[in-house]
Amino acid sequence: MTALTQLSQAIHDAPRWHQPEQFQNPQEITIVPLEGEALGAVVFGLDARKAQAGETIYRLKQALAEHLILIFKNQRLDDLQYLAFASYFGSIFRPSADNPVLATQADTGTPPDVVPVSNAVGQGDYTGHGELNPHADHQWTPQPSFGSLLYAIELPKDGGQTSWFNTIRAYDTLDEATKQQIDQLQLITYNPFVRRQYLKDNDTNGYGSSPLYRFKDQPIIGHAYPHPLVRTHPESGRKALWLNTHSEVELVNYDDQAGSELIASLREHLLKPEFRYEHQWQQGDIVFWDNQVTLHSRKPFPSEQRRLLKRISLAGGRPY
Ligand code: OGA
Ligand code: MN
């Protein structure tokens, strides 16, 4: 017999419903919205190692569509248990080798199913200890992941908070003229990993920084996949601004100057504090977010303090 992949093994080994001590009683679970915050709900009483009832997963999916991020407290999982839990919500995100993303491996051309996000050299130090600007994971790919989960294993004493931004609210609070102006626009988000390689190869000073907007006299770096600037959420039907704050982007078939100004003003709007929730991590937290209608960012932390989270991203469809 062929060896199982990590994911197949995870589901093969997962607890079954007939093991009563391993079956989560749906009545033990409560979902509490974060009071006074722009988004988010906390899920209490759920042990992600256990087999979950259909009604529980359905309830969590509805809660995610409503609150945009779910925070599970006090988890204790190995990678296989984590994969078994995450895959209740969809297929694991596996981009093709022509679309490099965080943690793409040189040999396989894809990232591992469970991505360590840490500052420990050689153990998942893809993002180091610096600030991460507001982004949606894999936005530059043809089929970006619909959601991601981060599980906190080791945390620094200072800094390293992750913030999420409610981009439905950001869209809703635009004036009617701006909504009309942007509703039918398509946006290309260029791949920052291709850009990074390009800068490394072409910039004699080492790493330069990425432009925020591509003017038509500038080279196109990598593949371009136009997606709607205003996305519709597949379950709730809500509209959201689908724009990150720092990648190189381009509005399709739009004047350079007017386009770059429009994007700059939308980005300024997105950064307003009223759209944002900052999460103070505790060990054992899993945050599960919807990439379609949120952005997330991270504060820097001291390089000598260790931080290790593990991320699983779930496959999504072509944005509409
Ligand atoms: C990610 C990410 C944020 C963090 O893994 O996609 O953006 O807080 N991480 O490390
Ligand atoms: Mn991210």
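From a predicted model like this one, the values you see are computed outputs, not experimental measurements. Each ligand, and each atom within it, is numbered from 1 in the order the structure gives.
- Nearest to atom 9 (N) of ligand 1 among the protein's heavy atoms is L150 CD1, 3.8 Å.
- Of all atoms in ligand 1, numbered sequentially from 1 with element shown, those under 4.0 Å from a heavy atom of R311 are 1 (C), 5 (O), 6 (O).
- Residue, atom and distance of the protein heavy atom nearest to atom 8 (O) of ligand 1 are T162 OG1, 2.6 Å.
- A donor-acceptor contact closer than 3.5 angstrom is absent between the side chains of Y88 and Q52.
- Rounded to 10°, the angle formed at the Mn ion (ligand 2) by H296 NE2 and H135 NE2 is 90°.
- Heavy-atom proximity to D137, at under 4.0 Å, picks out these atoms of ligand 1: 6 (O).
- In terms of polar-atom proximity, defined here as any N/O pair under 3.5 Å, W281 makes no such contact with ligand 1.
- Remark: K73 is not positioned above the aromatic ring of F44, lacking an NZ or CZ atom under 6.0 angstrom from the ring centre and at most 45 degrees off the axis.
- Less than 4.0 angstrom separates some heavy atom of V117 from each of these atoms of ligand 1: 5 (O), 10 (O).
- For the 3.5 Å distance criterion, the side chains of H135 and H246 fail to qualify, holding no donor opposite an acceptor.
- For ligand 1, the polar-atom distance check finds an N/O of R307 within less than 3.5 Å of one of the ligand's N/O atoms.
- Between W140 and F193, the ring planes lie tilted relative to each other; the angle falls in the 30° to 60° range.
- Ring planes of F72 and F288: parallel class, angle under 30° (limits at 30 and 60°).
- Ion pairing of R238 with D172 is present here, as a side-chain N (NZ or NE/NH1/NH2) and a carboxylate O approach within less than 4.0 Å.
- Taking the Mn ion (ligand 2) as reference, the nearest N/O/S atom within D137 carries the name OD1.
- With a 4.5 Å cut-off on side-chain heavy atoms, F85 and S87 do not count as touching.
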